[in-house]
Amino acid sequence: NRDLSTRMLVGSIIPRGAIRTSRCETAHSHRFNSVPRRRLNVHEFQSQDIMRGMGVTVPPGGSAKTPEEAESVAKSLNTNDLIVKAQILAGGRGLGTFDSGLKGGVHPCNSPQEAKEIAAKMLGHTLVTKQTGIKGLKVATVLVAKRLAIKKETYFAILLDRASQGPMIIASSKGGVDIEKVAAEDPSAIIKERIDVFKGPTPQQIKNIAQGLGFSSHLFSQVEEQVSKLYSLFKEKDATMVEVNPFVETADGQIMCMDAKINFDDNSAFRQKETFAMEDKTQKDSREVDAAKFDLNYIGLDGNIGCLVNGAGLAMATMDIIKLYGGEPANFLDIGGGATTDQVREAIKILTKDKRVTALLVNIFGGIMKCDTVAEGLIAAAKEVKVQIPLVVRLQGTNVERAKQIMKESGMKIITADDLDDAAKKAVESLKNK
C-alpha cells in the first residue's frame with residue numbers, strides 16, 4: 001500500500017495515485033511526485049524492526065540478503081510454516097512478476113530449504129508490479145517470517161489529517177484488502193477518529209475502534225495496548241503515517257500487526273538520524289538522489305526537453321505549454337526561490353545526464369531568486385559539461401538586464417525568449433531544426 005496519509009483531502013480518502021508516493025497531475029496527464037517531499041519511505045522489514053523496538057507485536061522473522069541467510073533465518077524460527085516476502089519500496093508485490101520467471105513477490109514456504117530456494121529466485125532479480133512501472137525494482141533483501149493462522153483481518157492506520165491539522169486514526173473491519181476500494185464501495189466500513197496530538201487516543205476512542213473493528217470484548221485490552229504503542233511510535237518517531245494492513249487476531253487470540261508500512265517526516269531527519277540512516281537509495285532514481293544533495297526538487301519523466309524552473313506552479317505551467325506546442329517535458333525540476341549559482345550549475349548537470357534530453361528550457365521568474373545568479377550558474381555549468389544541445393532561456397524579474405548582459409558576453413549559443421509562450425515554442429522548434 002502506498003502512503004495513505006498523502007491520499008487524505010479534508011478527511012476523505014481519495015483514489016490511489018491521485019497524490020503520491022504523493023502524486024500530482026497536470027492538465028495534460030503528466031504524473032510526477034509533488035514537492036517538497038514530506039516523508040522518508042522504508043522497507044517493510046525495517047518498519048517491523050521499528051515496531052518491535054517500540055513494543056508493538058509483529059510476527060517473528062528477520063531480513064536476509066542471500067539465500068543462505070534466508071535459510072538461516074527460517075531455521076531460527078523453529079517452524080515449517082514460513083513466508084518469504086520480497087522487499088521493494090512499492091506495493092502490489094503479491095501480484096508482481098520477477099525477471100527470473102517467478103510469479104509473485106510473497107510466497108508461503110513449508111521448509112527452510114524451500115525458503116532458501118524462493119529467496120534465490122527473488123534476490124538480485126527485478127520485480128515488476130503495478131506500482132513500479134515496466135522497469136521494476138531490483139530486490140536486494142527478503143523478509144522471512146513465521147506464517148501464522150489468522151482468525152480475523154482488519155485495517156488500522158494513523159496519519160496526518162489535513163482538515164484537523166493533526167493525527168487521525170483510520171480503521172476498518174475489512175482488512176487485508178485494498179482500503180481505497182473499501183472506502184469507495186462501502187464508506188460506512190471506514191472508521192475515523194481525530195486524535196489530540198498532546199493527549200493521544202482516549203480510552204473511549206480506542207473502545208470505539210475495537211468495537212468498530214469487530215473484536216470481542218475480551219480482546220479490548222490488547223487492542224488498547226497495541227493502539228497506544230502504535231501512537232507512541234507515530235509521535236516519537238516523527239511519522240507521517242503508520243499503516244497496518246492487516247491488523248489481525250491470530251488463531252491463538254493475539255492482536256498482531258502483520259504487515260507494516262511507516263513513513264517519516266523529512267523535516268525530522270536532524271533528530272531521527274538512526275531512522276533516516278535506513279533509507280535505501282538504490283530504490284530511487286539516481287538523479288533524484290543527486291538532486292536531493294543540493295536541495296533541488298527533481299522528478300524524471302519520459303520526454304526530451306529538460307526543464308529548469310523556480311517554483312512548482314511555474315514548473316507545471318512550463319510542462320503544460322511545452323506539451324501544448326507538441327513537445328514532451330523530460331522532467332520536473334524546481335530549484336526553489338533562493339537557489340545559488342552552485343545549485344543552478346548542479347541542476348544543469350543533472351539534466352544533461354539524461355541521454356534522452358535533446359534540448360533545455362530554463363524558465364525563471366526572479367523575485368528572491370536573482371536572474372544574474374541563474375545566468376552565472378547556467379554559463380558555468382554549460383562550460384563545465386560542454387552543453388551541445390539547444391539551450392533556451394527565459395528570464396524575468398530581479399537583475400534581468402544584468403543577466404542578459406552576462407549571457408551575451410559569455411559568447412555561448414543561448415536562445416533567449418521574452419515570455420514563457422515564446423520559450424516553449426523555441427524549445428520545441430529547436431528539436432525540429434536539429
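Every heavy atom of this structure was used, including side-chain atoms; hydrogens, water molecules and symmetry mates were not.
- The two atoms that bring Ile206 and Ser228 nearest to each other are CD1-OG, 3.8 Å, heavy atoms only.
- Using a cut-off of 4.0 Å between Lys/Arg side-chain N and Asp/Glu carboxylate O, Arg52 and Asp49 are scored as salt-bridged.
- For the atom pair Tyr231 OH and Gln205 CD, the distance stands at 10.0 Å (nearest 0.5 Å).
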Carefully, step by step, assess Met51 and Leu230 under the rule side chain to side chain contact (heavy atoms under 4.5 Å, CB included). CA-CA 8 Å; Met51 285 183 168; Leu230 286 168; 3.8 Å; yes
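- Between Ile299 and Glu288, some side-chain heavy-atom pair lies under the 4.5 Å cut-off.
- Taking CD of Gln272 as the start and CD of Glu236 as the end, the distance is 9.0 Å to the nearest 0.5 Å.
- In this structure, the separation between NZ on Lys323 and CD1 on Ile305 is 10.5 Å, given to the nearest 0.5 Å.
- Residues Glu153 and Lys174 are not paired through a salt bridge, judged by the lack of any N-O separation under 4.0 Å between the basic side chain and the carboxylate.
- Using a cut-off of 4.0 Å between Lys/Arg side-chain N and Asp/Glu carboxylate O, Glu44 and Lys261 are scored as not salt-bridged.
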For Arg345 and Asp342: C-alpha separation, side-chain torsions, deciding distance, then whether salt bridge (charged side-chain N to carboxylate O under 4.0 Å, His left out) applies. CA-CA 5 Å; Arg345 183 175 66 248; Asp342 287 342; 2.8 Å; yes
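- Inspection of the Glu429 and Tyr325 side chains reveals no N or O donor paired with an N or O acceptor under 3.5 Å.
- Within the 4.5 Å cutoff, the side chain of Phe276 has heavy atoms near those of the Ser268 side chain.
- Under the 4.0 Å criterion applied to side-chain N and carboxylate O atoms, Arg356 and Asp302 are assigned as salt-bridge partners.
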Does the salt bridge (charged side-chain N to carboxylate O under 4.0 Å, His left out) test come out yes or no for Asp81 and Lys146, once each step is laid out? CA-CA 6 Å; Asp81 290 322; Lys146 182 178 180 180; over 6 Å; no
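- Residues Thr240 and Asp265 have side chains that never bring a donor and an acceptor to within less than 3.5 angstrom of each other.
- Here the side chain of Gln226 pairs a donor or acceptor atom with the backbone of Thr57 at under 3.5 angstrom.
- With no hydrogens or angles considered, a side-chain donor-acceptor pair links Thr141 and Lys65 at under 3.5 Å.
- One finds a salt bridge joining Lys229 and Glu225 here, because a Lys/Arg side-chain nitrogen approaches an Asp/Glu carboxylate oxygen to under 4.0 Å.
- Smallest separation of non-hydrogen atoms from Ala86 and Leu127: CB-CD2, 4.1 Å.
- At distances below 3.5 Å, at least one donor-acceptor pair connects side-chain atoms of Asn245 with backbone N or O atoms of Val177.
- Heavy-atom minimum distance, Ala291 versus Tyr298: CB-CB, 3.6 Å.
- Heavy atoms only, all atoms of each residue included: Gln87 and Leu143 are closest at NE2-CB, 3.6 Å.
- Minimum heavy-atom separation, Val139 to Phe98: CG2-CE2, 3.7 Å.
- For the atom pair CG of Leu160 and CZ of Arg162, the computed distance is 10.5 Å after rounding to the nearest 0.5 Å.
- A donor-acceptor contact under 3.5 angstrom links the side chains of Gln113 and Glu117, judged on distance only.
- Looking at Gln283, its side chain does come within 3.5 Å of a backbone N or O of Leu89 through a donor-acceptor pair.
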Are Lys293 and Glu346 close enough, and set up right, to give a salt bridge (charged side-chain N to carboxylate O under 4.0 Å, His left out), and what steps lead you there? CA-CA 10 Å; Lys293 293 176 183 177; Glu346 293 301 322; over 6 Å; no
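- Look at Asp161 and Arg194 and you find a salt bridge, because one of the NZ, NE, NH1 or NH2 atoms lies within 4.0 Å of a carboxylate O, short of that distance.
- A pairwise comparison of heavy atoms in Leu213 and Ile191 identifies N-CD1, 3.9 Å as the closest pair.
- In this structure the side chain of Ile190 reaches within 4.5 angstrom of the side chain of Ile170, judged on heavy atoms.
- Side-chain contact between Val42 and Asp280 is absent, with no heavy-atom pair separated by less than 4.5 Å.
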